[in-house]
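Chain A is the first sequence line, chain B the second, and so forth, proteins listed ahead of strands; every chain is numbered from 1. Scope of the values below: all heavy atoms of this structure, side chains included, with no hydrogens, waters or symmetry mates. Here the structure is a predicted model, which is why all the values come from computation and not from measurement.
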Amino acid sequence: MAITEENPGYKWVGTRPIRPDGLEKVTGKAQFGADLMLPGMLFGKVVRSPHAHARIVSIDTTAAEAMVGVKAVITGSDFPDLAANGAHASDIDVASNAIAREKVLYEGHVVAAVAATTRDQAEAAAKAVEVTYEVLPHVLTVDEAMADGAPLLHEGMITKGVDPAPENPSNVASKILHERGDLDQGFGEAHVVVEREFTTKPVHQGYIEPHAAVADANTDGRAHIWCSSQGHFQMRAYSATVLGVSPGNLKVTAAEIGGGFGGKTVIYLEPLAVRLSQRAGRPVKLVMDRDEVFRATGPTSGTRIRVKMGVSEDGKITAAEVWMAYEAGAFSGSPVGAAGMTAIACYDIPNFVVEGYDVVCNKPRVAAYRAPGAPMAAFAVESVLDELARDIGMDPIDIRLANAAVEGTQASYGPKFPRIGFVETLEAIKDHPNYTADLGPNQGRGVSAGFWFNAGMMSSATVHINENGSATVVTGSPDIGGSRQSMALMAAEELGIPYESIKAVVADTETVGFNDVTGGSRVTLATGAAVVDACRIIVEDLRARAAKTWDVEVDQVEWVEGQAQHVEGTQPPLSLNDLAAKSGRTGGPISANASLNSRGVGAGFSTQLCDVEVDPETGVTRVVRYLTAQDAGRAISPDYVEGQMQGGVVQGIGWALNEEYIHNPDGVMENPSFLDYRIPVASDLPMIDCAIVEVPNPAHPYGVRGVGEVGIVPPMAAVGNAIRDAIDVRMTDLPMSPVRILEALNEQSD
Amino acid sequence: MKYVAPSSVEEATSLLSTSPSAQVFAGATDVVPQLRAGRSAPEVLVDLKKIQELVSIVKDDTKWTVGAATPTANLTEDQAFSEEFQGLSEAAGLIGSDQIQNRSSLGGNLCNGSPAADSVPAMVVNGVRAVIAGPNGTRVLDVAEVVTGPGQLSLEDDEFIVEFEIDRMPERSGDAYLRMIPRTEMDIAVVGAGARVTLAEDGSIEEAIVALGAVAPTVVRVPEAEAALVGNTPNEQTLSAVAGAASEVCNPIDDKRGTIAYRKQVAGVLAKRAVLIAVERAQQRNGMK
Amino acid sequence: MARTHITAVVNGDETEFLAEDGTSLLNALRDEVGLTGAKEGCGTGDCGSCSVMIDDKVTTSCLVFAPEANGATILTVEGLADSGQLHPLQQCFLEGAALQCGICTPGFLIAAKALLDKNPDPTETEIRYALAGNLCRCTGYDKIIRAVQEAAREMRGQ
Amino acid sequence: MAQVHFSAGLRDLTGGLAQVEVEATTVRRLVAALEEMFPGLGDRLSEASSVAINGEIFTDAEFEPVDSDSEVHFLDIFQGG
């Protein structure tokens with residue numbers, strides 16, 4: 001592990017104790033989305049479109065309603081028509097994606113839902129809902145969607161960001177543009193220019209837990225929802241919008257969440273479960289099958305990206321031109337904006353144009369996926385940079401060092417970088433033994449780098465001191481990968497009490513203040529800051545209580561290692577236990593809330609090194625060695641920082657080699673299973689070596705930057721560059737499957 | 001849907017002849033996904049695992065008899081069997097995860113009718129015979145004759161496979177099975193290749209059988225490859241002929257798992273490699289190497 | 001649909017329940033027996049989250065018809081700890097941070113137990129192949145493999 | 001005067017200008033001043049952008065202070081995963 005700055009004497013931060021929720025999760029007690037059972041609960045089933053694009057002519061539910069055990073059947077008309085109500089466009093999209101009204105826009109789009117007393121009855125009833133469609137022509141890719149005369153998904157869609165605005169509607173929702181300097185001049189100064197075109201396929205977050213929701217509605221309009229999501233406050237907000245009720249009427253309890261990676265920031269089942277429960281007068285559970293997860297929940301965009309870059313003889317990038325089109329799926333909102341901002345953000349480039357398009361097509365609406373938008377752009381840019389380094393005979397780390405963004409560099413997306421740790425990640429790779437390890441026959445080595453903003457946003461926390469001096473830390477950020485542990489570690493550090501005497505919990509929407517989603521690598525930063533703030537309020541309170549007890553001024557009291565000490569030592573110390581036991585005498589229970597809109601987000605960088613071996617006769621690629629270096633700012637919980645780094649890398653390896661959505665010409669997904677949507681299995685991988693770099697974020701009390709996302713940005717190019725090194729073939733289309741590699745090898749030998 | 005578990009072959013056949021819509025199963029590792037996908041909806045599920053002879057492995061002087069519902073894990077864990085039929089044991093061991101291995105069977109793998117079934121090319125090269133029970137008694141059919149097309153069997157609706165007969169491996173012989181999948185596990189073969197060779201005393205190839213999976217509607221033999229091998233050693237020339245013949249005999253499809261061109265090319269590669277391994281095993285077994 | 005009365009020893013206790021014949025053992029365990037430790041991640045045997053031991057053999061309970069369990073001995077993750085004492089695998093998963101979201105953990109623990117029952121001293125490669133039927137999307141498997149190695153060492157008394 | 005920079009996507013509303021100087025003490029006052037200079041820009045900024053002040057990125061930063069030597073960039077809103 002490479003630590004660039006010494007740990008400043010923390011007792012708990014940076015240690016590796018057992019996570020607070022671990023016991024429940026290794027004993028099977030933890031309650032995930034589908035685990036809840038309520039008395040009288042019904043099972044629901046969703047009816048989905050078999051067509052990629054069709055007008056709903058009619059829906060006949062009479063047969064389904066008449067079936068044994070069926071208690072409710074709902075369709076789009078059971079929800080308010082937000083478009084008719086003049087709602088905000090993005091809310092209309094959320095509602096239209098939750099259940100279709102006039103048109104279905106992708107295979108798997110919801111058209112109805114049923115609830116019945118058993119699973120089998122619900123399935124039978126779902127099959128009995130008769131939907132008549134008028135099938136419309138569809139578009140599946142950016143190429144098809146942007147073609148002249150392409151069928152339109154949304155007849156009124158005029159491209160935003162183009163001046164003057166186009167007169168005619170199209171499938172292009174918006175255009176983004178970033179530019180600086182003079183492109184012609186930059187390419188004129190280049191010694192070598194490389195231009196390549198890349199494509200990537202939609203890939204799914206692939207969380208192992210399918211979406212699940214249980215709703216229990218009351219007759220007074222209130223309802224309780226249990227669901228696994230990355231943000232139960234967000235689920236509440238979206239559900240309220242779709243149902244047309246006040247958020248305060250909905251209580252959402254966060255079940256344990258079985259993976260999300262961005263894909264569980266979206267509602268699918270929750271408002272349907274509530275409406276079914278209202279109609280049936282009983283609790284309703286809705287759980288997706290795996291094939292529904294693939295067909296109807298958010299993958300990330302398929303893309304087409306062109307990159308042209310030039311370098312001087314000494315490896316300085318003189319110009320970069322990037323063109324990118326991102327599939328949004330059925331509704332606008334692909335991550336092309338972030339892609340445009342991140343594509344070349346690792347580097348200090350004087351002349352560039354980055355142009356991007358958000359394009360709708362007849363596939364499921366894309367959802368966030370770990371550093372949304374950045375990985376595809378990085379695949380393209382880092383592949384071209386690898387070519388440039390080869391062309392001028394420069395070491396791949398050295399060329400990145402020669403152009404690396406540092407503190408004060410004006411980022412390609414606008415502002416100047418504060419203190420960042422990109423260079424340190426490059427050096428960590430270069431210093432690691434993997435960088436010079438021997439390579440065997442048909443083996444190759446690739447380097448790639450990535451940038452992600454990380455996010456802040458809103459968080460709340462409550463800290464209670466219990467009567468024996470233990471503490472309960474309450475947040476509203478679902479714990480998707482060990483965040484309870486980082487909350488408890490920071491609270492232990494602040495309060496000066498043992499980690500083991502702190503319980504960290506995730507509370508429902510009525511028990512703690514608002515929290516934005518667990519996403520954007522924000523929880524340890526923002527929710528962590530709220531926990532730190534709440535702890536500091538408590539420490540102030542404790543000092544005041546000690547001062548009261550000793551009859552001294554507050555400034556005579558210090559809080560050291562969990563106890564109040566008199567600065568001159570004239571009083572015996574008062575421990576937290578003492579103060580808690582007698583809290584009634586000093587003002588009552590000891591408790592504090594803190595809420596904030598986080599500031600001081602620290603950008604994340606990752607540099608990765610991949611060794612592969614390619615079988616030149618079958619095109620099969622195996623990763624034989626992998627190293628990832630990432631700037632965590634501060635690793636509050638190093639076990640789970642490594643876990644995020646390793647997990648991001650392995651998702652990236654899957655994206656690089658095998659994962660893809662395959663649609664037939666009718667727009668029907670052909671591989672909606674874990675058998676044919678091939679995420680990596682244990683035997684596909686080596687150990688994933690980690691170098692945690694710590695360049696503290698000056699704006700956070702512990703220097704946290706956020707670690708969840710940037711790890712998935714470099715792997716595709718790292719693998720591609722290693723394949724190039726192994727077999728002399730540049731792969732420009734993802735996934736770099738055996739079929740594609742063998743095709744490329746055949747072309748090369750022709 | 002009704003579950004029944006007959007305890008004898010006779011009980012099972014009579015059940016099948018009286019139930020209009022019955023599905024026999026052993027491990028159900030293919031049956032359950034098909035039910036879930038709505039591809040079949042039988043009225044009766046007939047569990048064959050409670051019939052003793054269907055879950056057994058017996059060796060005598062001339063042959064092995066393997067019950068059709070025997071979990072493949074039992075086969076791969078049977079040391080004597082796995083040493084004698086390394087290729088067939090490995091092929092059986094490729095059918096899914098350890099979890100699946102405790103359920104999957106040679107009978108199920110064959111009767112699913114998938115062109116990509118891993119154990120089938122390995123059974124074909126070893127000349128395995130299926131003993132089939134029906135209302136009128138039993139009959140014996142070469143495994144190669146059981147599947148007639150994707151999902152299509154030459155068995156009647158009221159027939160099922162009781163056991164497989166596998167003649168003991170001759171001297172100076174070895175078998176092998178290789179498959180290509182994009183991952184290392186948990187995939188359906190994109191191409192599969194089985195080979196068995198018997199060497200003459202001088203070390204040349206006396207007999208060779210090569211069979212391919214996943215490259216045609218059924219498992220296919222590669223007679224030209226076999227002919228090229230007989231009387232020769234596996235030198236560059238004969239191996240190249242094997243590869244060429246294997247690619248030539250393919251009649252694959254383009255699908256989500258692979259392309260025609262890829263399957264043809266890799267069928268050649270795997271056939272060649274499988275032959276080499278089979279030869280090596282034949283040599284090792286007889287102390288030639 | 002026909003329902004069958006099933007008697008099985010589940011985590012050491014003789015247990016009786018009714019289940020529809022075509023339903024999976026997984027659903028029966030979850031809905032009828034109330035043991036929700038085994039999870040459904042795919043329903044087609046591809047993810048391993050529903051792994052349980054039936055008569056000492058690990059399998060994916062989503063592919064088992066409930067009536068098949070009649071007379072069987074079943075172990076789920078809930079039965080892995082022995083009178084409140086965690087199994088070494090559970091302890092090593094905790095100490096080694098071998099879980100993130102935790103949805104796949106019950107399946108991994110059962111599959112790893114099945115491996116160590118058969119092979120107390122597996123190589124890294126053997127562990128990786130033995131666990132290939134269990135998908136984890138969070139960890140990249142690194143810490144899971146290490147936790148199994150550590151548990152194997154402890155169980156061998158090293 | 002704070003230096004305010006516009007991404008290329010905003011320049012259809014600024015008459016092509018990439019940068020202006022504005023006197024303001026908070027982001028809200030800055031946005032109001034920009035709306036006065038370039039009608040329509042204020043709405044766009046308050047609806048669909050985050051703001052970076054001296055390199056630090058904020059969302060919903062209406063009352064974040066802006067100094068006379070601040071460098072301010074308006075960025076498209078992006079989503080995290």
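By number of non-hydrogen pairs under 4.5 angstrom with chain A, the leading residue of B:V191, B:I188, B:D187, B:T259 is B:D187. Contact tally against chain A (heavy-atom pairs below 4.5 Å) for B:E185, B:R183, B:Q265: the top residue is B:R183. Across A:N658, A:D291, A:L657, A:V620, the residue that shares the most heavy-atom pairs under 4.5 angstrom with chain B is A:N658.
Between B:P182 and A:S737 there is no side-chain heavy-atom pair separated by less than 4.5 Å. The closest side-chain heavy-atom distance from A:V739 to B:R263 is not below 4.5 Å. Under the 4.5 Å side-chain criterion, counting only non-hydrogen atoms from C-beta, A:E617 is not in contact with B:L270.
More than 12 heavy atoms of other residues, nucleotides or ligands shown are found within 6.0 angstrom of CD on B:Q34. For A:Q748, the CD atom counts as densely surrounded, since its 6.0 Å shell holds more than 12 non-hydrogen atoms of other residues, nucleotides or ligands.
Both the backbone and the side chain of B:R257 come within less than 4.5 Å of a heavy atom in chain A. Heavy atoms of A:L675 lying under 4.5 Å from chain B belong to its backbone as well as its side chain. Contacts of A:D676 with chain B are made by side-chain atoms alone, with heavy-atom separations under 4.5 Å and no backbone atom involved. Of the atoms belonging to A:N746, it is side-chain heavy atoms, and not backbone ones, that fall under 4.5 Å from chain B. With a 4.5 Å cut-off on non-hydrogen atoms, B:M186 touches chain A through its backbone and its side chain both.
Taken from CG in A:L742 to CE in B:M180, the straight-line distance is 9.0 Å, to the nearest 0.5 Å. Between the CE atom in A:M669 and the NZ atom in B:K256 there is a gap of 9.5 Å [rounded to 0.5 Å]. Here the CZ-CD1 distance, from A:R678 to B:I181, works out to 8.5 Å after rounding to the nearest 0.5 Å.
Not a single donor-acceptor pair under 3.5 Å links the side chain of B:Y262 to the backbone N or O of A:G619.
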